[in-house]
Amino acid sequence: MSDYLIRVLSDKANVIGLACRTTELVETACRLHGTSPTASAALGRALTGGLLMGALAKPGLRVGLKFEGNGPLKKILVEADSEGTVRGFVGVPDIDVMVREDGKLNVSGALGTEGFLTVFKDVGLDEPYQGIVKLRTGEIAEDIASYFVESEQVPSAVGLGVFIETEGLVSAAGGFLIQALPPSEEQTIDRLIANIRRIGTVTDVIRDGKNPEDLIGMLFEGIPYVTLEKKGLSFRCGCNRDRIERVLISLGHKELTHMLEEHGEAEVGCEFCGAKYHFSREQLAGLIDDLESAPPQGGPQKLRG
């Protein structure tokens with residue numbers, strides 16, 4: 001279990017804590033998308049943040065995060081579930097490397113500080129819950145924390161870190177999320193704040209070889225807690241050919257016919273994982289036949305395997 005997450009609870013203080021290591025899954029995602037170092041740092045932080053938020057969801061449910069900024073990266077879209085799987089992509093993966101004055105990758109400059117964070121939550125209803133807040137810093141962690149405070153009224157601390165080697169390899173990634181639920185003790189909150197300030201950056205902690213248990217121990221130093229959960233994490237996309245066929249069918253008879261007549265074939269790519277699905281002339285014609293023979297709108301549609 002190289003990439004994993006733990007969730008703890010300080011029952012007396014009513015504080016939830018989560019910490020995770022995401023190095024391998026972030027490297028996998030960045031390799032798939034061919035991201036530049038700055039884009040890799042942004043995507044890695046967003047993937048890690050999505051996994052932390054997904055771990056708070058009820059079993060079987062999903063959470064989505066869409067960052068839209070005025071920087072050259074344009075956007076980041078991430079989907080995670082309660083089981084520990086995540087997928088995501090950035091709008092412009094090959095942006096130029098952007099570095100701050102202190103030598104660190106400029107994620108805020110890449111995403112931008114003007115824009116919005118939209119959080120989608122599958123809460124088991126017909127329509128997902130949607131919360132929208134303005135970007136505060138473009139640093140990902142601070143914006144997620146601001147979302148919790150503004151949209152859900154839950155005081156939260158979020159730390160996310162990704163270290164990119166000079167050759168572009170992701171050598172460390174991880175993060176933490178702490179939430180204080182009412183009623184909470186002011187003394188405990190002060191202790192947590194002091195601990196967070198003391199540990200420095202998440203990147204340094206992960207690079208020092210610390211695991212999620214170590215990180216939680218540092219965050220909750222002097223505060224008793226119990227471990228509720230430990231689970232593995234992975235980058236995994238749920239796309240498949242049947243789903244892509246449904247996307248093509250949803251375009252309608254006119255658009256599919258135009259595609260067949262103009263190009264004779266089609267190739268559809270998944271933005272989340274980069275997978276390519278090719279449809280030959282015969283396969284496109286088969287989808288059109290399915291539409292023509294389908295029952296009236298509202299009835300079930302036949303899909304070819």
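What's counted below: heavy atoms across the whole structure, side chains too, no hydrogens, waters or symmetry copies. Note that the coordinates shown come from a computational prediction; the quantities given were computed from them, not determined experimentally.
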* salt bridge (Lys or Arg N to Asp or Glu O under 4.0 Å) between Arg100 and Glu139: does it pass, once the steps are laid out? -> CA-CA 12 Å; Arg100 303 185 321 199; Glu139 293 286 352; 3.6 Å; yes
* Give the intermediate values and the outcome of side chain to side chain contact (heavy atoms under 4.5 Å, CB included) for residues Tyr147 and Leu65. => CA-CA 11 Å; Tyr147 160 78; Leu65 291 81; over 6 Å; no
* Going through the checks in order, is the side chain to side chain contact (heavy atoms under 4.5 Å, CB included) test met by Leu260 and Arg281? -> CA-CA 7 Å; Leu260 179 63; Arg281 175 180 294 275; 3.6 Å; yes
* To do: Would you please test Phe67 and Lys75 for side chain to side chain contact (heavy atoms under 4.5 Å, CB included) and show each step?
  => CA-CA 5 Å; Phe67 298 85; Lys75 66 178 178 180; over 6 Å; no
* To do: Report the C-alpha distance between Leu160 and Val202 in whole Å, list the side-chain angles of each, state the deciding distance to 0.1 Å, and finish with yes or no for side chain to side chain contact (heavy atoms under 4.5 Å, CB included).
  => CA-CA 6 Å; Leu160 304 169; Val202 174; over 6 Å; no
* **Derivation of the side chain to side chain donor-acceptor pair (under 3.5 Å) call for Gln179 and Ser156** => CA-CA 4 Å; Gln179 293 190 326; Ser156 306; 3.2 Å; yes
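Atom CD1 of Ile193 and atom OG1 of Thr188 lie 11.0 Å apart (nearest 0.5 Å). Rounding to the nearest 0.5 Å places OG1 of Thr257 at 11.0 Å from CG of Leu251. Atom OH of Tyr277 and atom CG of Leu248 lie 12.0 Å apart (nearest 0.5 Å). Interatomic distance, CG of Asn106 versus CE of Met98, reported as 5.0 Å (0.5 Å rounding). The distance from atom OG of Ser82 to atom CG of Leu51, rounded to the nearest 0.5 Å, is 11.0 Å. Distance CG/Leu284 to CD/Glu245: 10.0 Å, rounded to 0.5 Å.
Using a 4.0 Å cut-off between a side-chain N of Lys or Arg and a carboxylate O of Asp or Glu, Glu150 and Lys134 do not qualify as a salt bridge.
Leu287 is not connected to Val247 by any chain of hydrophobic side-chain contacts under 4.5 Å among Ile, Leu, Val, Met, Phe, Trp and Tyr, and they are in different clusters. Both Tyr129 and Leu117 sit in one connected hydrophobic cluster of ILVMFWY residues. Membership requires side-chain heavy atoms under 4.5 Å apart, directly or through other members. Leu169 and Leu32 fall into different hydrophobic clusters, where Ile, Leu, Val, Met, Phe, Trp and Tyr residues are linked whenever their side-chain heavy atoms come under 4.5 Å apart, directly or through other members. Cluster membership for Leu18 and Leu228, using ILVMFWY side-chain heavy atoms within less than 4.5 angstrom, is shared. If you chain together hydrophobic residues whose side chains sit under 4.5 Å apart, Leu77 and Phe235 never meet in one group.
Annotation: side chain of Arg243 is not in contact with side chain of Cys270 (no heavy-atom distance under 4.5 Å). Inter-residue side-chain proximity for Arg21 and Ser2 is flagged as met; some heavy-atom pair is nearer than 4.5 Å. Considering only heavy atoms from C-beta on, Ile178 comes within 4.5 Å of Phe220 through its side chain. Between Val92 and Asp94 there is a side-chain heavy-atom pair separated by less than 4.5 Å. Residues Ile95 and Val90 fail the side-chain proximity criterion, which asks for heavy atoms closer than 4.5 Å. Taking the side chain as every heavy atom from C-beta outward, Leu47 and Thr22 never approach each other to under 4.5 Å. Leu215 places none of its side-chain heavy atoms less than 4.5 Å from the side chain of Lys210. Two residues are said to be in side-chain contact when any heavy atoms from C-beta on lie closer than 4.5 Å; Leu135 and Glu114 fail this criterion.
The 12-atom threshold is exceeded at CZ of Arg198, counting heavy atoms of other residues, nucleotides or ligands nearer than 6.0 Å. Counted within 6.0 Å of CD on Glu186, heavy atoms from surrounding residues, nucleotides or ligands total 12 or fewer; the atom is thus considered open. Arg191 CZ: more than 12 foreign heavy atoms inside a 6.0 Å radius. Other residues, nucleotides and ligands place more than 12 heavy atoms under 6.0 Å from the CD atom of Gln153. Environment of CG in Asp96: sparse, with no more than 12 heavy atoms of neighbouring residues, nucleotides or ligands closer than 6.0 Å.
Closest of all the heavy-atom pairs between Gly175 and Thr48 is N-CG2, 3.8 Å. Heavy-atom minimum distance, Ile144 versus Met53: CG2-SD, 3.8 Å. The two residues Val149 and Pro155 come nearest to each other via the heavy atoms CG2-CA, 4.1 Å. Nearest heavy atoms, Leu43 versus Gly88: CD1-C, 4.0 Å. Heavy atoms only, all atoms of each residue included: Pro37 and Val97 are closest at CD-CG2, 3.7 Å. Among all heavy-atom pairs drawn from Ala42 and Ile140, the shortest one is O-CG1, 4.4 Å.
Remark: the backbone N or O of Glu165 is not paired with any side-chain donor or acceptor of Ser171 at under 3.5 angstrom. For Asp214 (side chain) and Asn211 (main-chain N/O), a donor-acceptor pair under 3.5 Å exists by modelled atom type. Under the 3.5 Å distance criterion, the side-chain polar atoms of Asn14 are matched with a main-chain donor or acceptor of Leu181. Between the Gln283 side chain and the Ser280 main chain, a donor and an acceptor come within less than 3.5 Å of each other. Proximity of a side-chain donor or acceptor of Thr113 to a complementary backbone N or O of Thr137 within less than 3.5 Å is not detected. With hydrogens and angles disregarded, no donor-acceptor distance shorter than 3.5 Å links the side chain of Arg7 to the backbone of Leu52.
Using the six-membered ring where Trp is involved, Phe272 and Phe89 have ring planes that are perpendicular, over 60° apart on the 30 and 60° scheme.
Geometric assessment of Arg62 against the ring of Phe120 yields a negative cation-pi assignment under the 6.0 Å and 45° thresholds.
In summary, of the residues considered (Leu25, Thr85, Thr28), a side chain to side chain contact (heavy atoms under 4.5 Å, CB included) with Ser234 occurs for Thr85 alone.
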